[in-house]
Amino acid sequence: MPYLLGIEIGETTVAAAMCRRSSPPHGRAPQAAGEAAWGPAEPVTLAASAPVVATSLGLSPGGDLVAAEGTAGAGQHASGPAAQRASGFVHRIGGDIAVHLAGEAVRPETLMAGMVGWVAGRLWQLQGKAPERIAVAHPTGWGPYRLGLVRTALDEIGLGDPALVPRAGAVVTGFQAAGRLPAGAAVLLVLRLDGAGLEVSLIQPHAPGQYEFITSAWWADLAGSVLDAADPAGQRAVLRAAVDLAARTAGACALAPADVSAVLLAGSAAGHPLFADLLAQAFPAPVLQLGDPRLTVACGAALALRPRSRPEPADGRALPEYPTAEAPLVTATEPLPPGPVGAMPPPRPPVRVIEAPAARR
């Protein structure tokens with residue numbers, strides 16, 4: 001069955017979700033071209049025991065870039081010493097510092113494209129075919145230069161022209177599709193807190209799938225890794241600092257806490273129960289979360305690929321728009337539809353070795 005693939009390459013973890021094309025209900029004529037209905041976002045399990053894998057790449061025996069944790073295909077695993085793995089490359093894109101892998105300097109955008117290629121290959125294994133389209137969620141504050149580097153790297157490995165979706169926009173799309181935004185919402189505060197940092201974005205929502213960015217900022221000092229290492233008092237201090245930064249970011253845009261219609265949470269560390277409580281004290285608005293916050297961005301990216309106009313079922317029931325019991329995790333234990341004869345996963349990207357730049361003062 002055709003499907004759309006949404007991928008988030010985070011600083012510390014990688015997540016994916018898919019939307020399948022829905023068959024028309026019994027007795028209903030097929031829809032016109034371009035108006036096919038798509039199902040809800042279904043998270044994909046990328047690792048053997050978790051829906052996400054670490055944002056870490058290694059080299060397979062054949063020289064391919066493969067995820068350093070999780071199944072690499074054909075029984076390959078890219079585990080090994082830290083020197084044989086590359087991580088922390090997302091926020092290096094656009095800079096002049098290469099990432100070292102197996103003793104070689106590699107461009108960070110090449111590694112990001114390699115991670116996308118690995119996920120696409122993983123889905124090819126699960127579904128027996130390639131996705132119709134791919135959306136890659138990226139840091140919200142990225143501009144044309146970084147996005148251009150990523151597009152070039154993705155094109156070099158033959159992934160076509162994936163949609164590049166801002167993370168905060170993917171979060172808003174997911175909440176819009178789920179019908180979870182307050183009626184008449186004017187300004188949304190999107191907080192993505194993961195193991196590497198805090199991303200704060202302010203967005204004005206419009207029609208479904210449409211939004212306007214006010215601002216976005218990222219802080220590496222406030223991260224889930226800091227939370228994990230702190231005692232309860234230290235965790236409260238870190239989360240309090242995150243809430244204060246969110247309030248100051250809104251204030252810098254001439255927005256008072258009362259101007260925020262809702263606070264939307266995403267990221268691996270956003271589910272800390274104290275975080276929502278502190279935010280509710282600072283903003284007189286609902287603090288919302290959709291399912292597993294590690295998967296929110298990837299699900300929103302997949303949903304962003306669907307046509308905006310979506311017909312209602314014949315019996316008038318609204319189809320679920322977000323992972324529910326009707327849209328479980330997609331895993332390798334599910335029966336796989338037969339793929340096309342001779343189908344092979346997309347080619348792995350070559351490792352482009354570059355000359356490491358001289359250190360700057």
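By the rule that hydrophobic residues join a cluster once side-chain heavy atoms approach within less than 4.5 Å of another member, Leu154 and Met115 end up as members of one cluster. Note: the hydrophobic cluster containing Val263 does not contain Val172 (ILVMFWY, side chain heavy atoms under 4.5 Å, direct or indirect links). Under the 4.5 Å side-chain heavy-atom criterion for grouping Ile, Leu, Val, Met, Phe, Trp and Tyr, Leu181 is not connected to Leu255 through any hydrophobic cluster. A continuous path of hydrophobic side-chain contacts links Ile9 to Leu159 [ILVMFWY only; heavy atoms under 4.5 Å].
For the residue pair Leu101 and Gly58, the shortest heavy atom distance occurs at CD1-CA, 4.3 Å.
For Ser216, the side chain to side chain donor-acceptor pair (under 3.5 Å) partners two or more places apart in sequence, or in a different chain, are Ser201. Ala262 pairs by the side-chain contact (heavy atoms from CB on, under 4.5 Å) definition with Pro182, Leu188, Leu264, Pro286, Leu288, not counting sequence neighbours. Arg133 is linked by a salt bridge (charged side-chain N to carboxylate O under 4.0 Å, His left out) to nothing, counting only residues two or more places apart in sequence or in another chain. Here Asp231 pairs with nothing under the salt bridge (charged side-chain N to carboxylate O under 4.0 Å, His left out) rule; sequence neighbours left out. Qualifying side-chain contact (heavy atoms from CB on, under 4.5 Å) partners for Gln281, counting only residues two or more places apart in sequence or in other chains: Arg240, Leu278. Take Val238 and apply the side-chain contact (heavy atoms from CB on, under 4.5 Å) test, not counting sequence neighbours, and it matches Leu222, Val226, Leu227. Ala196 pairs by the side-chain contact (heavy atoms from CB on, under 4.5 Å) definition with Glu11, Thr12, Asp194, Trp218, not counting sequence neighbours.
The ring pair (Phe, Tyr, Trp, His ring centres under 6.0 Å) contacts involving residues 191-213 comprise Tyr211-Phe213, where partners must be two or more places apart or lie in separate chains. Residue pairs meeting the side chain to side chain donor-acceptor pair (under 3.5 Å) criterion with at least one member in residues 249-268: none, sequence neighbours excluded. Listed by first and then second residue, the side chain to side chain donor-acceptor pair (under 3.5 Å) pairs involving residues 173-189 amount to none (not counting sequence neighbours). Under the ring pair (Phe, Tyr, Trp, His ring centres under 6.0 Å) criterion, no residue pair touches residues 244-284, with sequence neighbours excluded.
With a 4.5 Å cut-off on side-chain heavy atoms, Ile93 and Met112 count as touching. Here the side chains of Leu123 and Met18 are in contact, with some heavy-atom distance below 4.5 Å. No side-chain heavy atom of Val150 sits under 4.5 Å from any side-chain heavy atom of His138.
A salt bridge does not link Arg107 with Glu156: none of the charged nitrogens is closer than 4.0 Å to a carboxylate oxygen.
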Report all side-chain donor-acceptor pairs from residues 297-305 shorter than 3.5 Å, counting only partners two or more places apart or in another chain.
none

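A side-chain donor-acceptor contact under 3.5 Å links Thr55 to the backbone of Thr13. At least one donor-acceptor pair closer than 3.5 Å links the side chain of Glu199 to the backbone N or O of Thr140.
Within 6.0 Å of CG in Asp244 there are more than 12 heavy atoms belonging to other residues, nucleotides or ligands.
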Side chain to side chain contact (heavy atoms under 4.5 Å, CB included) between Phe89 and Thr110, intermediate numbers included:
CA-CA 9 Å; Phe89 48 81; Thr110 298; over 6 Å; no
